[in-house]
Number of protein chains: 2
Amino acid sequence: MADTSTAPGNEALLFLTDDQLRKGIEAMFFAYRGFTADPDRILAEKSYGRAHHRAVHFINRSPGTTVNNLLSILGVTKQSLNRVLRTLIDDGLVDSRIGTKDKRERHLFLTETGAELEAELSTAQRNRMRAAFRQVGPDAVIGFRQVLEAMMDNDMRRHYTRLREATE
Amino acid sequence: MADTSTAPGNEALLFLTDDQLRKGIEAMFFAYRGFTADPDRILAEKSYGRAHHRAVHFINRSPGTTVNNLLSILGVTKQSLNRVLRTLIDDGLVDSRIGTKDKRERHLFLTETGAELEAELSTAQRNRMRAAFRQVGPDAVIGFRQVLEAMMDNDMRRHYTRLREATE
DNA sequence: CATTTTATGTCAGCCTTGTTGACATTCCAA
DNA sequence: TTGGAATGTCAACAAGGCTGACATAAAATG
């Protein structure tokens with residue numbers, strides 16, 4: 001039943017069987033639920049959603065980033081992002097400053113309140129990640145990241161790498 | 001700046017720094033986009049969504065599963081699932097059979113057409129997973145799954161494990 | 001300088017997929 | 001026989017995607 005389309009006939013490639021691949025797929029599905037569960041609970045209390053979390057996260061990571069840059073990281077339309085940004089700005093979590101060099105651009109910053117929310121969300125998310133990392137050890141963590149990085153689209157990997165360059 | 005809340009003061013735990021954890025978080029975010037990108041394109045052509053993919057995937061994995069079981073795997077409300085199932089049944093992708101033992105239950109099966117869609121979607125998703133796995137090698141794959149499994153909520157891990165038991 | 005392009009905002013409307021609440025039906029089980 | 005479980009269905013609503021259209025300001029280009 002299993003392994004019809006990609007029988008490797010090679011023991012060294014047994015991790016590429018359809019069963020192994022499906023296992024990876026389902027692991028991603030169930031793990032992503034866990035990955036978002038803790039922030040989701042916090043957000044729900046404050047009647048925000050994942051979209052707000054994403055915006056706040058990346059503004060925190062790249063203070064002063066422009067709307068356009070955020071759009072390309074998040075991969076949504078400006079209308080969609082705008083709705084989320086608007087509520088964050090109106091609620092005083094995000095500060096939008098007109099660019100000095102190019103006055104069409106808006107540069108986005110977290111306010112103190114915004115930074116507090118970001119900290120609360122990312123602490124919750126880091127706690128789970130830390131528990132998982134601690135449980136499995138550093139070698140597994142390296143493998144984890146290698147697979148994830150190999151699974152990204154090129155433009156997403158570009159953003160991912162760029163974020164690393166800025167801070168590490 | 002980095003590592004304020006969890007400075008380990010221990011080189012062996014450097015993979016638990018806030019920077020490393022954030023790296024894992026962002027890797028999850030960007031990789032999940034890639035993970036869903038290919039199926040999403042196929043689904044969009046047929047005017048289905050991810051919800052349909054999920055339903056079709058798990059019905060394929062556990063033919064004859066009940067609506068209630070599917071609900072607990074997917075973690076949505078019956079009304080939400082029902083809407084998706086209805087379109088799949090109406091479109092002839094899913095067969096819903098009244099239980100013989102308990103006639104209140106509906107047992108769900110993919111029709112031939114449903115199985116074709118499932119195959120198309122999972123082939124696309126496996127292709128990306130296979131490319132990533134092949135690129136990084138079996139040790140990384142083991143680590144990848146260890147971290148994901150450690151990150152799951154307990155009830156999700158239960159479902160994940162149960163699926164493995166049935167087929168492997 | 002005139003024109004075009006870019007960056008952004010905003011309005012309106014639509015879709016999917018999630019939610020809650022209410023209520024009907026069927027039927028197993030105590 | 002009655003209570004509760006499994007399911008279906010209707011209605012309403014919200015978040016957060018999407019498209020299209022249009023306005024504005026400013027940069028870039030001819």
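Side chains included, hydrogens not; waters and symmetry mates left out as well; all remaining heavy atoms used. Chain letters run A, B, ... following the sequence lines, proteins first and then strands; every chain starts at 1.
For the pair R164(A) and Y160(A), the distance from NZ or CZ to the six-membered ring centre is under 6.0 Å and the angle to the ring normal is within 45 degrees. Annotation: cation-pi pair R97(B)/F109(B) present, NZ/CZ under 6.0 Å from the ring centroid and within 45° of its normal. Judged by the 6.0 Å and 45° rule, R54(A) forms no cation-pi pair with F58(A).
Every residue two or more places apart in sequence or in another chain was checked for a side chain to side chain donor-acceptor pair (under 3.5 Å) with R134(A), and none qualifies.
A straight line from CG of L85(B) to P of dT16(C) spans 16 Å, rounded to a whole angstrom. Taking atom CG on L71(B) and atom C1' on dG18(C), their separation rounds to 13 Å, with Å as the unit. Between the CG atom of N82(A) and the C1' atom of dG20(D) there is a distance of 16 Å, given to the nearest Å. For the pair R86(A) CZ and dA12(C) P, the interatomic distance rounds to 15 Å; values are reported in whole Å. Rounded to whole Å, atom P of dT9(D) lies 12 Å from atom CG of L81(B). Regarding D40(B), its CG atom lies at a distance of 13 Å from the P atom of dG17(D), rounded to whole Å. At whole-Å resolution of the value, CZ in R41(B) and C1' in dC18(D) are 17 Å apart. The interatomic distance linking L74(A) (CG) with dC18(D) (P) rounds to 10 Å, in whole Å.
Place Q79(A) and A51(A) on DNA chain D by their nearest nucleotides, and A51(A) ends up nearer the 5' end. Where S80(A) and I89(B) each meet DNA chain D at their nearest nucleotide, the meeting point lying more 5' is that of I89(B).
Checked by atom type and distance alone, the side chain of D102(A) pairs as donor or acceptor with a backbone atom of R104(A) at under 3.5 Å. No side-chain donor-acceptor contact under 3.5 Å links R145(A) to the backbone of F144(B). Judged purely by atom type and a 3.5 angstrom limit, H52(A) uses its side chain to pair as donor or acceptor with the backbone of G49(A).
Checked against dT7(D), dT8(C), dT20(C), the side chain of V67(B) finds its nearest nucleotide in dT7(D).
No engagement by H107(A) is indicated, since no non-hydrogen atom pair under 4.0 Å with the nucleic acid exists. Within 4.0 Å (heavy atoms only), R83(B) reaches at least one base atom of the nucleic acid.
The phosphate of dG8(D) (OP1 or OP2) has a side-chain N or O of R106(B) nearer than 4.0 angstrom. Close to dT17(C), at under 4.0 Å from its OP1 or OP2, lies a side-chain N or O of H52(B). Considering only side-chain N and O atoms, N68(A) lies nowhere under 4.0 angstrom from the phosphate OP1 or OP2 of dT6(C).
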Protein within reach of the bases, or only the backbone? For nucleotides 23-30 of chain C, mark each nucleotide 5' to 3' as B, S or -, using heavy atoms under 4.0 Å. ---BBS--
